[in-house]
Student: 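One structure follows; several queries about it will come next.
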Number of protein chains: 6
Amino acid sequence: MVNYPHMNEQGRAKMVDVSEKAMTRRTAEAKAVLRMKPETLDAIRKGTVGKGDVLAVAQVAGIMAAKKTSELIPMCHPIPLRGADIAFSFFEEDRLEVVARVKTDNVTGVEMEALTAASIAALTVYDMCKAHDKGIMIEETCLLKKTGGKSGDYLREEVKG
Amino acid sequence: MVNYPHMNEQGRAKMVDVSEKAMTRRTAEAKAVLRMKPETLDAIRKGTVGKGDVLAVAQVAGIMAAKKTSELIPMCHPIPLRGADIAFSFFEEDRLEVVARVKTDNVTGVEMEALTAASIAALTVYDMCKAHDKGIMIEETCLLKKTGGKSGDYLREEVKG
Amino acid sequence: MVNYPHMNEQGRAKMVDVSEKAMTRRTAEAKAVLRMKPETLDAIRKGTVGKGDVLAVAQVAGIMAAKKTSELIPMCHPIPLRGADIAFSFFEEDRLEVVARVKTDNVTGVEMEALTAASIAALTVYDMCKAHDKGIMIEETCLLKKTGGKSGDYLREEVKG
Amino acid sequence: MVNYPHMNEQGRAKMVDVSEKAMTRRTAEAKAVLRMKPETLDAIRKGTVGKGDVLAVAQVAGIMAAKKTSELIPMCHPIPLRGADIAFSFFEEDRLEVVARVKTDNVTGVEMEALTAASIAALTVYDMCKAHDKGIMIEETCLLKKTGGKSGDYLREEVKG
Amino acid sequence: MVNYPHMNEQGRAKMVDVSEKAMTRRTAEAKAVLRMKPETLDAIRKGTVGKGDVLAVAQVAGIMAAKKTSELIPMCHPIPLRGADIAFSFFEEDRLEVVARVKTDNVTGVEMEALTAASIAALTVYDMCKAHDKGIMIEETCLLKKTGGKSGDYLREEVKG
Amino acid sequence: MVNYPHMNEQGRAKMVDVSEKAMTRRTAEAKAVLRMKPETLDAIRKGTVGKGDVLAVAQVAGIMAAKKTSELIPMCHPIPLRGADIAFSFFEEDRLEVVARVKTDNVTGVEMEALTAASIAALTVYDMCKAHDKGIMIEETCLLKKTGGKSGDYLREEVKG
């Protein structure tokens with residue numbers, strides 16, 4: 001019989017065995033907020049940034065990144081997504097909020113997919129505006145809510161508000 | 001003669017022509033800061049998180065992500081990196097800072113590579129701790145400095161301090 | 001409560017939510033036809049093109065591309081394929097037809113997988129023959145038929161013939 | 001001494017050795033033309049297709065595909081692109097032309113990058129319109145011109161006009 | 001009616017149609033054994049190799065490679081893995097064994113995923129030690145066992161032992 | 001001034017800075033040897049294995065894998081390959097040797113590219129024959145020789161013979 005010393009019992013990472021978890025409907029919603037110069041935000045809003053319609057590109061980048069999550073986050077399980085969307089909101093004169101929503105029917109959740117989509121969409125905005133404003137800060141990248149799965153639903157405090 | 005209507009003059013994105021830019025040494029440094037429960041941070045520091053040595057995995061994830069930047073950020077030029085590194089620092093009882101440094105000799109800069117590395121490393125930390133602490137916030141993702149290229153060096157105010 | 005302005009209601013793309021669609025058997029068949037110099041086609045047939053057996057390479061390229069479809073087509077859902085095949089036919093003295101057939105059991109169809117497989121196989125033929133014939137034209141890339149799914153079966157007119 | 005039987009001398013493909021070729025400026029331009037129902041084309045033009053701004057998504061898809069070319073076409077050399085752009089033109093009531101232009105400084109040309117960009121952009125248009133019009137045909141995918149390299153420039157007959 | 005000449009009946013490869021196979025629990029276990037200089041093995045064990053903790057990096061590389069298997073092995077079906085782990089054992093003074101274990105619930109097995117994970121983990125060890133020992137040999141890469149599927153279980157002779 | 005604690009000085013991996021290394025011609029040659037049942041080897045030679053021409057597929061898989069090396073091996077630098085080839089030899093009645101040769105002009109060597117190409121080609125052979133012979137062993141995966149770079153040339157003892 002094979003009986004290898006389980007070095008992971010010594011502290012190395014593995015992709016956790018989720019084969020006994022139930023296949024259920026899962027959703028997750030995450031955000032990333034960019035703070036930038038008012039004139040940069042204004043240029044995005046008016047679609048006058050040199051590289052083209054910034055948000056249209058960020059939207060595509062975020063959705064494609066959601067599909068790449070398990071290639072990027074080492075211990076993430078590959079998940080066949082059932083839907084993904086991204087929305088942008090302008091707050092005050094200097095903040096742009098990116099919200100990603102992802103859905104699947106699977107044995108694990110899609111929190112990482114939503115977070116990755118929001119992050120890459122935000123980085124794409126940075127990329128397209130950096131010639132004008134290198135100081136843009138992505139201030140808040142976090143999970144807003146999730147539903148489904150054994151650990152139950154999660155709703156961030158600020159969202160419960 | 002071919003003379004296509006340049007619809008991009010109407011506002012679509014393109015991968016900017018950089019063929020006339022000079023091939024020079026380029027470096028960039030970016031950070032992402034995670035705020036989490038003190039007990040979560042403590043578990044990372046002690047290496048007792050269930051999925052293994054969190055920072056070792058985040059380090060690899062960040063470096064591999066740096067190499068994937070042009071696949072993720074649509075208008076980014078592919079760049080053969082010459083070096084990439086990631087460092088972690090523990091601040092106070094609840095903050096973990098990820099700093100990515102990237103270097104190349106190329107016609108475009110590596111700001112996006114450093115930002116992508118820091119972001120994905122931070123998201124990997126989130127992934128490996130989320131069973132314990134879904135509320136972890138990535139608070140500050142930004143460029144710290146860059147050198148090389150025609151636009152000159154950049155040093156973030158807080159770094160100049 | 002969260003209530004983000006749905007900017008997509010303003011016209012941005014999303015990966016459509018297909019979570020309520022039924023998991024059914026799906027097949028699709030697509031073609032791409034290359035028109036080239038008779039001597040180029042003849043060299044392919046005889047396997048004498050400099051870069052090796054053109055069709056063996058195009059076959060592999062097409063099948064691997066079918067698996068990459070959701071990485072290439074932004075709003076495509078990732079689909080675990082159950083089978084994929086490619087067939088080549090020689091027509092007259094100057095046309096090579098590539099037909100890709102793909103099958104799955106899933107909530108969305110595999111039209112894009114079949115079209116991507118046929119297109120990349122055809123482009124691979126171009127790549128391997130372009131030293132001899134840069135003018136090769138891929139004339140007809142289209143869906144031949146699909147089965148399964150709520151929208152019902154589709155059979156191209158020319159195929160119904 | 002090592003002396004392996006070169007089975008490629010027996011007809012298998014290889015990635016040709018280009019190490020002795022000169023590093024020069026290279027450009028390529030390729031097109032793909034879609035023929036569709038007038039009402040489908042009209043919906044694209046007006047931006048009223050259900051999945052959002054079709055051409056903005058196709059533009060991003062094409063540019064990202066240009067960067068993936070060497071992953072898709074087996075014997076293609078990886079090339080660090082210096083610029084890539086895509087333009088769309090509406091012809092008559094039923095044809096949409098996609099033109100991709102790619103530039104680099106490298107030892108091999110970028111014909112395949114331009115062709116791949118045009119093809120994937122065209123397939124993305126198909127994907128976003130297929131719910132309305134499965135019969136869309138991609139009629140002409142071909143190289144329009146190339147410059148640079150030892151084999152000299154190429155200009156398609158129709159372009160020479 | 002369409003009736004294309006099935007050139008595959010003439011000997012080209014296809015991704016076999018597995019749509020009629022049953023969805024069952026599948027596991028596979030594969031190994032790769034590296035033989036190296038005792039001082040190299042000793043440096044790995046003590047974590048003193050210049051590029052950092054060799055096995056932590058190899059672990060992540062192996063797990064990420066398991067997820068990339070269907071991108072690497074042309075005729076492999078894409079499989080959503082349910083779990084993946086890697087273990088290392090030191091044998092005598094000059095051998096390091098890598099064992100990969102993979103699990104899924106799917107219509108095809110995960111032998112290739114386990115073999116790919118073990119191979120890439122072993123190559124990563126090579127990469128990180130090659131500055132010191134270019135002669136490292138990966139001696140035995142093989143399947144140790146598999147369970148599930150119509151063809152039944154498999155247990156390598158040496159394991160039965 | 002920024003002065004982050006260099007945790008890598010504490011033992012984490014990084015992609016080594018090679019920006020000061022000279023750009024030179026580099027070649028590498030690696031092999032992988034498969035031992036299998038004589039009847040399996042015979043079927044490969046005769047091209048009668050069910051999944052098609054095994055070696056044609058393995059050839060393409062190996063060359064494509066060479067291009068993916070830096071995505072698979074975490075600390076590998078991305079390298080624009082200038083050429084890649086694979087050769088197969090039949091030894092005795094039960095061994096198939098895969099030899100990969102890779103060439104570039106770059107600041108780092110291509111040993112890992114050659115080893116990855118040979119390994120993935122060998123695993124592809126396994127995949128296509130495993131229905132008949134699960135016990136196939138990849139016995140010897142190693143570097144045969146390399147040229148170029150500051151560390152000088154390397155020639156494996158057996159090759160020096």
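So that the names make sense, note that chain A is the first sequence line, chain B the second, and so on, each numbered from 1.
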Student: Any side-chain heavy atom of K14(B) sitting closer than 4.5 Å to one from I86(D)?
Tutor: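 No - every pair of side-chain heavy atoms lies 4.5 Å or more apart.
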Student: For side-chain contact (heavy atoms from CB on, under 4.5 Å), just list the numbers for V60(D) and M75(B), CA-CA rounded to whole Å, side-chain angles, deciding distance to a tenth of an Å, and then say yes or no.
Tutor: CA-CA 8 Å; V60(D) 176; M75(B) 302 302 143; 4.1 Å; yes
Student: Spell out the residues in residues 18-26 of chain D that have some non-hydrogen atom less than 4.5 Å away from a non-hydrogen atom of chain B, in order of number; otherwise answer 'none'.
Tutor: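 Listed by number, the contacting residues are R25(D).
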Student: Do E71(B) and M64(D) touch side chain to side chain, with heavy atoms closer than 4.5 Å?
Tutor: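 Not touching, per the 4.5 Å side-chain cut-off.
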Student: Can you tell which part of I73(B) gets under 4.5 Å to a heavy atom of chain D, answering side chain, backbone, both or neither?
Tutor: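 I73(B) touches chain D through backbone heavy atoms alone.
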Student: Should the pair R101(D)-D17(B) be classified as a salt bridge under the 4.0 Å nitrogen-to-oxygen rule?
Tutor: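 Here R101(D) does not pair with D17(B) in a salt bridge, since their nearest N and O are not under 4.0 Å apart.
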Student: Do you know which of D53(D), D85(D), I63(D) makes side chain to side chain contact (heavy atoms under 4.5 Å, CB included) with R12(B)?
Tutor: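 Of the listed residues D53(D), D85(D), I63(D), the side chain to side chain contact (heavy atoms under 4.5 Å, CB included) partner of R12(B) is D53(D).
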Student: Between chain B and each of P78(D), A66(D), G83(D), count heavy-atom pairs under 4.5 Å; write down the option with the most.
Tutor: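 The residue among P78(D), A66(D), G83(D) with the greatest pair count is G83(D).
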Student: How close do H77(B) and L81(D) get, heavy atom to heavy atom, and via which atoms?
Tutor: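 H77(B) and L81(D) have their closest heavy atoms at CD2-O, 3.8 Å.
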